[in-house]
Peer 1: 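Structure in C-alpha cells, see below.
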Amino acid sequence: MIIQHNIPGINSTRNKGISESKLKKNLEKLSSGYRINRAGDDAAGLTLSELMRSQITGLNQAIRNVNDGIGMTQTGDGVLTEVHAMLGRLKTLAVQSANGTYTTEARANLDEERLQLLDEIDRIAENANFDEIPLFGSGTPQIPLPNMMSDPEQANIPLQIGYTAEENLDVHRYQMGSKELMLDQTSFRTRHDANESIPKIEAAIEAVSDIRADFGSVESHLNHTHNNITVTAENMTAAESRIRDTDMADEITKFTKNNILYQSSNAMAAQSNSIVQNVLSLLQ
C-alpha cells in the first residue's frame, strides 16, 4: 500500500478523459448532423466531400441556367407565333389584292394595311428581348433559309448548361425584320404586284418556320439536359451525404455506450481516491 502515487486514480482519470473526449465528439456529430466536422475526423472523406459539394453547386446553377434558356427559347417562339399570324394576314391580303374585282382605291387600302403589318414586324424584331438580351438582329436578306448574324460575337447566345467550362450550348440569333424577310419588296397596289408578292410572303413564312423550328429543337435539347442534370445533382447529393452526414442511429448507439463508460469511469475515479484514505485507518 503506497501513498506517493495513486495509480488506480491515475488510471481511472485517464480512462475518464478518453471517455469524455469520445462523448464530446458524439455530441458534436449529433448536434451538427455531420460525421466530418473537421479534417481530423476523416481527411480523405473531407477532400472528396468538398469536391462533390463544388460539383453539386455547379450542377444546381446549371439547372437554373437551363431553365433560363428554356424561358428564352419559349419567348422567341412566342414572338414568332405572332409574326407568323401577321404573315398569314399578308398572304390573305396579297391573294385578295390579286383578285380582279378590286379597284385601285381598294388595293391602296390593302397596301396600307400591309405597311402597318411590316412596321409591327420590324418593331417586334427590334424590341424582342429576354432580360434585355436581343433575340434577333438585322443584316443582309437571305430567303428562303434563315440567315444568322454575320458578326460571330452577335450570331449566338451562349448558354452554360453544365458545371464544366466545356458544357455550352449556342442559341442562334437570326436576322428578322421586313427587310431581312424581303417583305419590303412586296406591294398590293396592283394586281400584278400582288401576284408577285405571294411567293415572297410564302418564302418569309418558310423562313420564320425554320427559325421557330430551331428554337423548338433547342428547347427540346434543354428539356433533356434539365432532366439529366437534375438526376445527376440528386445522385451526387446522396453520395456526398453518405460521406459527410452523421448516421444518427449509429452515433446515438456510440453516444449511449460512451456516456455509460464516462459515468462509470467517473465513479471509479471517486472510488480510487477512497482507497488511499484506507491508509489513515492504519494510523488510528
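FYI, the numbering just counts along the sequence from 1.
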Peer 1: Look at atom CD of Glu234 and say whether more than 12 heavy atoms of other residues, nucleotides or ligands are closer to it than 6.0 Å.
Peer 2: no
Peer 1: So do the side chains of Asp247 and Arg35 get within less than 4.5 Å of each other, counting heavy atoms only?
Peer 2: no
Peer 1: Check the side chains of Ser187 and Arg114 for a donor-acceptor pair under 3.5 angstrom, ignoring hydrogens and angles.
Peer 2: no
Peer 1: Can you name the residues that form a side chain to side chain contact (heavy atoms under 4.5 Å, CB included) with Glu113, not counting sequence neighbours?
Peer 2: Arg89, Leu93, Leu117
Peer 1: Would you say Glu105 and Asn109 are linked by a side-chain donor-acceptor pair, where the criterion is simply a distance under 3.5 Å?
Peer 2: no
Peer 1: Not counting sequence neighbours, which residues clear side chain to side chain donor-acceptor pair (under 3.5 Å) with His192? List them please.
Peer 2: Glu196
Peer 1: Indicate every side-chain donor-acceptor pair of residues 161-169 with a distance under 3.5 Å to a residue at least two apart or in another chain.
Peer 2:
{"unit_1": "Tyr163", "atom_1": "OH", "unit_2": "Gln55", "atom_2": "NE2", "d": "3.0"}
{"unit_1": "Thr164", "atom_1": "OG1", "unit_2": "Glu167", "atom_2": "OE1", "d": "2.8"}
{"unit_1": "Glu167", "atom_1": "OE1", "unit_2": "Tyr163", "atom_2": "N", "d": "3.2"}
{"unit_1": "Glu167", "atom_1": "OE1", "unit_2": "Thr164", "atom_2": "N", "d": "3.2"}
{"unit_1": "Asn168", "atom_1": "ND2", "unit_2": "Ala165", "atom_2": "O", "d": "2.8"}

Peer 1: Taking transitive links into account, so neighbours of neighbours count too, which hydrophobic residues share a cluster with Tyr102 at under 4.5 Å side-chain distance?
Peer 2: none
Peer 1: Taking only residues two or more places apart in sequence or in another chain, which ones pass side chain to side chain contact (heavy atoms under 4.5 Å, CB included) with Ser49?
Peer 2: Arg53, Glu240, Ile243, Arg244
Peer 1: Tell me yes or no: between the side chains of Ser178 and Asp122, is some donor less than 3.5 Å from an acceptor?
Peer 2: yes
Peer 1: Report the hydrophobic cluster partners of Leu27, with the cluster defined as I, L, V, M, F, W, Y residues connected by side-chain heavy atoms closer than 4.5 angstrom, directly or transitively.
Peer 2: Leu23, Leu30, Met248, Ile252, Phe255, Tyr262
Peer 1: Just checking, is any N or O donor in the side chain of Asp41 or Tyr34 under 3.5 Å from an acceptor N or O on the other one?
Peer 2: no
Peer 1: With sequence neighbours left out, write down each residue that passes side chain to side chain donor-acceptor pair (under 3.5 Å) with Ser264, or none if nothing qualifies.
Peer 2: none
Peer 1: Quick one: salt bridge (Lys or Arg N to Asp or Glu O under 4.0 Å) partners of Arg242, sequence neighbours excluded?
Peer 2: none
Peer 1: Could you tell me whether the side chains of Asn65 and Gln160 share a donor-acceptor contact shorter than 3.5 Å?
Peer 2: no
Peer 1: Between Ser32 and Asn37, do the side chains contain an N or O donor and an N or O acceptor separated by less than 3.5 Å?
Peer 2: yes
Peer 1: Ignoring hydrogens and angles, tell me if any N or O in the side chain of Arg189 forms a donor-acceptor pair with the backbone of Thr104 under 3.5 Å.
Peer 2: no
Peer 1: With sequence neighbours excluded, what pairs up with Asp170 under the side chain to side chain contact (heavy atoms under 4.5 Å, CB included) test?
Peer 2: Asn156, Pro158
Peer 1: Could you tell me which residues satisfy side chain to side chain donor-acceptor pair (under 3.5 Å) with Ser241, sequence neighbours excluded, listed by chain and number?
Peer 2: Asp245
Peer 1: Could you pull out all residues at least two apart from Asp193 that satisfy side chain to side chain donor-acceptor pair (under 3.5 Å)?
Peer 2: Thr190
Peer 1: Can you list the residues that meet the side chain to side chain contact (heavy atoms under 4.5 Å, CB included) rule with Asn235, with sequence neighbours excluded?
Peer 2: Val231
Peer 1: Short question: side chain of Arg107, backbone of Phe188 - any donor-acceptor pair under 3.5 Å?
Peer 2: no
